[in-house]
Amino acid sequence: MIGFIVDATYRIKDGRAYVCLFGRLKNGESFLTVNYFRPYFFIKEKDLKKALKIENFEYEDVDYVNFGGEKVVKIIVDIPRDVVALRKEFSEERIKSYEADIRFVRRFLIDNDIQGYVEIDGEYEGTDEVDRFYREPELKKAEGKVDLKILSMDIETDPKDRIYSISVVCGDYKKVLIDSNKKLKKAVSCKSEEDLLEKFFLLLQDLDPDVITGWNLIDFDLKVIKKRCKKHEVIFRFGKDNSESRLTIKKGFFESSSMKATGRQVIDALDFVRRSFVKLDDYRLDTAAEHFLKEKKFVEFTDKGNEIKEMFEKNQQKLVDYNLKDSQLVIDILDKSGILNLTIKRSVLTGLLLSEVSGSIASLDSIYLKRLRKRGVVAGSVDYSDREERIKGGFVMEPKPGIYDNILVLDFKSLYPSLMRTFNIDPLSFGKKGIKAPNGAIFSKEEGIMPEIIKELLKVREDYRKKKDELGRYAVKILLNSFFGVMASPACRYYNLDLANGITSFAQFFIKKTAKEIESRGFDVIYSDTDSCF
C-alpha cells in the first residue's frame with residue numbers, strides 16, 4: 001500500500017530506538033509504521049584504537065572513505081542521545097566524527113531512500129491512534145498521489161484572551177464550538193470555556209486531520225489555547241496520542257514559531273504565504289483573501305476586541321458566521337494559491353516533512369547524502385568555526401542613466417546551476433586536478449554529485465513542463481536556485497568559500513564576456529547584473 005509521510009519521529013522502548021512514520025494511505029486510511037533502527041556515525045579507521053581507549057562501543061568495518069579518501073569505520077549505538085555523548089567525548093580528544101549531527105529519523109529516511117511517498121508491505125492491525133498500525137514492515141521509495149486531510153481553525157476571544165469560540169473546517173465538517181447556552185446554526189454549544197476546550201480536542205481525534213492550519217495560528221491561536229488549557233488543567237493535545245503537544249514561540253524576525261503534534265503537521269498559513277512567491281502589501285487575512293479569492297472577511301472592524309465582545313454578548317449567530325468564515329478563507333487561500341500543493345511537491349523532491357521544506361540546507365543535505373553514500377563516501381559533521389570571510393557576489397555593472405527606446409534584455413537561464421553542471425562544481429570534486437575556475441579553485445573532470453543532481457532535476461522540470469504542471473516546475477526552480485546559497489553558508493556541511501566563489505567567479509567571467517560580445521556587434525550595454533545584460 002502506498003502512503004504519504006506526514007510526520008516522522010521515534011520512540012525508545014526497553015533501551016532500543018524505533019522510528020515511527022505517521023501518514024495517510026492512498027485508500028484514505030491513516031497509518032503508523034514502527035521499525036527498529038540503530039543510530040550510527042563514523043570516525044577515521046586510524047582513530048579507532050584511540051577511541052576504544054576512551055569508551056567501549058560497537059563498531060563495524062565499512063567500505064567507505066571521507067572526502068580526503070581516508071578509510072572510516074561505523075560506530076553503532078543503541079539510542080540517539082548516545083551519538084551526542086560519544087561525539088562530545090571524541091571531540092575532547094580531537095577525534096573527528098563524520099555525519100554525527102544527522103537527526104536519527106532523517107538518517108532512517110535517507111538510508112531507505114524515502115522521499116514523501118512510501119510503499120508499505122507487511123501485516124497490520126487497528127489501534128486508537130491510527131487505522132493501520134504496521135510493526136516492522138518493509139518500506140520502499142514510491143510515487144503516487146494521496147489526498148491529505150486538512151483542518152483549518154480559528155479562535156475568537158475577549159480582550160483578556162478568554163476563548164469565546166473555535167471554528168473548525170475539515171472536509172464536509174464546518175462548525176463552530178462556542179461557549180453558549182443558545183441553539184445556533186452551524187455551531188456546537190458548550191457549557192463553559194473548559195467544556196469548549198475538551199470538546200475541541202475530542203473533535204480533533206474524531207476528524208483525525210493530517211495537517212492543522214490557520215491564519216497566524218501558532219503565534220496567536222495556539223498560544224492562547226495553551227494558556228487557557230493551563231488555567232483549566234486541560235491537556236494541550238493536538239497530536240494522535242494523548243501526550244502534551246510542544247509549542248515553541250520565537251520572537252525574532254528570522255525565526256518562526258513552531259508546534260510539534262505527534263502524527264500531524266501544524267502549519268501556519270500566514271507563514272506559508274509570506275514565504276511563498278507572492279508578495280502582498282501586508283499579511284492580514286483580509287489582504288490575502290482579497291488577493292487570492294477577490295473576497296473580504298465576513299465583518300470589518302474598527303475596534304476588533306470590543307466589537308467581538310459585543311457580538312458575543314448581543315449577536316452570537318453573527319460571531320459564529322464570522323468565525324467560521326475565517327477558517328474557510330484559509331482553506332480557500334491554500335487551495336486557490338496552490339501553496340499547499342507546492343509544499344507537497346517540495347516534500348517529495350527533497351524527502352523533508354511538510355513543515356521542513358523551506359529549509360534550503362536540509363533540502364540539499366537530504367538529497368546529497370544519498371548520492372554520497374552510493375559512491376562510498378561519508379560527509380563531515382557541520383563545523384561552524386569559519387564565519388568571518390564573506391562570499392564574493394555576482395557582477396553588477398554601473399548603469400548608464402538615460403531614457404532609452406528598444407531595450408533588449410538578455411538573461412541566462414538558471415545561470416548558477418548551469419555553471420555548476422558545466423564546470424563540475426561540487427564539494428566532492430573540489431581540489432582535485434582538472435577544471436580551474438577564474439578564482440583559482442579547481443574541480444575534477446569526473447562528474448561530481450551536484451552536476452548529477454542538477455541534470456536529473458532539470459529533467460524532472462522538463463517533465464513537469466510537458467505535463468503543464470506549473471507548481472511542479474516552480475518547486476524544482478526553488479530547489480535549484482537554493483544550491484548556491486546553501487554551499488556559501490557556514491551552517492552547511494558542504495560549506496567551502498573557495499568552491500562558492502568558484503561559482504560567482506565563473507558567473508562574473510561570463511557576464512562580462514557577454515557584454516563585450518554585445519558591444520563588439522555595435523550595441524551599447526547600458527546595464528548588466530548577476531545573470532543578465534540590458
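The figures here come from the full heavy-atom set of this structure, side chains too, leaving out hydrogens, waters and symmetry mates. Starting from 1, each residue takes its place in the sequence as its number.
To the nearest 0.5 Å, atom NZ of residue K174 and atom CG of residue L324 are 8.0 Å apart. Distance check, rounded to the nearest 0.5 Å: CG of L247 to OG of S258 gives 7.5 Å. Distance check, rounded to the nearest 0.5 Å: CD1 of I449 to CG of L428 gives 5.0 Å. Within the model, atoms OG1 of T504 and CD of Q508 stand 6.0 Å from one another, a figure rounded to the nearest 0.5 Å. Taken to the nearest 0.5 Å, the OG atom of S532 stands 5.0 Å off from the CG atom of D411. Going from atom CD1 of I110 over to atom OG of S366 covers 5.0 Å, rounded to the nearest 0.5 Å.
The salt bridge (charged side-chain N to carboxylate O under 4.0 Å, His left out) test applied to K304 returns no partner, not counting sequence neighbours. Annotation: salt bridge (charged side-chain N to carboxylate O under 4.0 Å, His left out) contacts of E519 (sequence neighbours excluded): none. Under the side-chain hydrogen bond (donor to acceptor under 3.5 Å, both in side chains) criterion, D7 pairs with K260, not counting sequence neighbours. Shown here are the side chain to side chain contact (heavy atoms under 4.5 Å, CB included) partners of S429, two or more places apart in sequence or in another chain: N424, D426, F443, S444. Under the side-chain hydrogen bond (donor to acceptor under 3.5 Å, both in side chains) criterion, D147 pairs with K145, sequence neighbours left out. Partners of R264 under the side-chain hydrogen bond (donor to acceptor under 3.5 Å, both in side chains) rule, at least two apart in sequence or in another chain, are D208. For the salt bridge (charged side-chain N to carboxylate O under 4.0 Å, His left out) test, residues two or more places apart in sequence or in another chain that qualify with D463 are K459. Every residue two or more places apart in sequence or in another chain was checked for a salt bridge (charged side-chain N to carboxylate O under 4.0 Å, His left out) with K336, and none qualifies. Listed by chain and number, the residues in a side-chain hydrogen bond (donor to acceptor under 3.5 Å, both in side chains) with Q115 are K370 (sequence neighbours excluded).
The salt bridge (Lys or Arg N to Asp or Glu O under 4.0 Å) analysis of residues 476-487, with sequence neighbours excluded, yields no pairs. Listed by first and then second residue, the salt bridge (Lys or Arg N to Asp or Glu O under 4.0 Å) pairs that reach into residues 399-410 come to none, sequence neighbours excluded. Every pair tested for ring pair (Phe, Tyr, Trp, His ring centres under 6.0 Å) that includes a residue from residues 331-357 fails, sequence neighbours excluded, so the list is empty.
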Next item on the list: Test R493 against E99 for salt bridge (charged side-chain N to carboxylate O under 4.0 Å, His left out), laying out the working first.
Entry: CA-CA 9 Å; R493 75 179 72 251; E99 299 187 6; over 6 Å; no

Next item on the list: Show your working on salt bridge (charged side-chain N to carboxylate O under 4.0 Å, His left out) between E462 and R465 and close with a plain yes or no.
Entry: CA-CA 5 Å; E462 183 59 22; R465 187 192 67 78; 2.6 Å; yes

Check: Yes or no on side chain to side chain contact (heavy atoms under 4.5 Å, CB included) for D326 and W215, after CA distance, side-chain angles and deciding distance?
Finding: CA-CA 8 Å; D326 276 7; W215 201 260; over 6 Å; no

Item checked: Verdict with reasoning, K374 to E452, per salt bridge (charged side-chain N to carboxylate O under 4.0 Å, His left out) -> CA-CA 13 Å; K374 286 174 183 174; E452 183 183 278; over 6 Å; no

Next item on the list: Would you please test R521 and E517 for salt bridge (charged side-chain N to carboxylate O under 4.0 Å, His left out) and show each step?
Entry: CA-CA 7 Å; R521 300 192 181 202; E517 180 63 27; 3.0 Å; yes

Item checked: Pair V72-F41, side chain to side chain contact (heavy atoms under 4.5 Å, CB included): steps then yes or no -> CA-CA 10 Å; V72 298; F41 64 105; over 6 Å; no

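Summarising the geometry of L25 relative to V146, their closest heavy-atom pair is O-CG1, 3.6 Å, with the distance given to 0.1 Å. When all heavy atoms of L457 and V476 are compared, the pair lying nearest together is O-CG1, 3.4 Å. L419 and I503 make their closest contact through CD1-O, 3.8 Å (heavy atoms, listed as atom of the first residue, atom of the second, distance). Between D498 and A441, the closest heavy-atom pair is O-CB, 3.7 Å. The shortest non-hydrogen separation linking S381 to A100 is OG-N, 3.1 Å. Residues A269 and V330 come closest through the heavy atom pair CB-CG1, 3.6 Å.
Considering D268, L217, L222, I218 in turn, L217 is the only one that fulfils the side-chain contact (heavy atoms from CB on, under 4.5 Å) rule with I212. Among T248, N216, D219, the single residue meeting the side-chain hydrogen bond (donor to acceptor under 3.5 Å, both in side chains) criterion with S257 is D219. When each of N481, D531, T530, L480 is paired with Y416, the side-chain contact (heavy atoms from CB on, under 4.5 Å) condition holds for T530 and for no other.
Side chain of E295 to main chain of A289: no donor-acceptor pair is present (N/O by atom type, distance under 3.5 Å, no hydrogens or angles). Between the side chain of T350 and the backbone N or O of S363 there is no donor-acceptor pair closer than 3.5 Å. Judged by distance alone, with hydrogens and angles left aside, the side-chain atoms of N323 form a donor-acceptor pair with the main-chain N or O of D154 at under 3.5 Å. Checking side-chain atoms of S245 against main-chain N and O of F238 turns up a donor-acceptor pair under 3.5 Å. Between the side chain of D210 and the backbone N or O of L148 there is no donor-acceptor pair closer than 3.5 Å. Of the possible donor and acceptor atoms, one in the side chain of T514 sits under 3.5 Å from a partner among the backbone N and O of F510. Listed for the D335 side chain is no donor-acceptor partner under 3.5 Å among the backbone atoms of I331.
When the shell of 6.0 Å around CG of D282 is examined, it contains more than 12 heavy atoms from other residues, nucleotides or ligands. Within 6.0 Å of CZ on R246 lie no more than 12 heavy atoms contributed by other residues, nucleotides or ligands. The environment of OH in Y404 is crowded: more than 12 heavy-atom neighbours from other residues, nucleotides or ligands sit within 6.0 Å. Within a 6.0 Å radius of NZ in K96, no more than 12 heavy atoms belonging to other residues, nucleotides or ligands are found. For E446, the CD atom counts as loosely surrounded, since its 6.0 Å shell holds 12 or fewer non-hydrogen atoms of other residues, nucleotides or ligands.
Two rings, from Y527 and F534, have their centers less than 6.0 Å apart.
For the pair T287 and H291, the minimum side-chain heavy-atom distance is 4.5 Å or more. At least one side-chain heavy atom of L109 sits less than 4.5 Å from a side-chain heavy atom of I5.
Counting only N and O atoms by type, the side chains of Y494 and D365 include a donor and acceptor under 3.5 Å apart.
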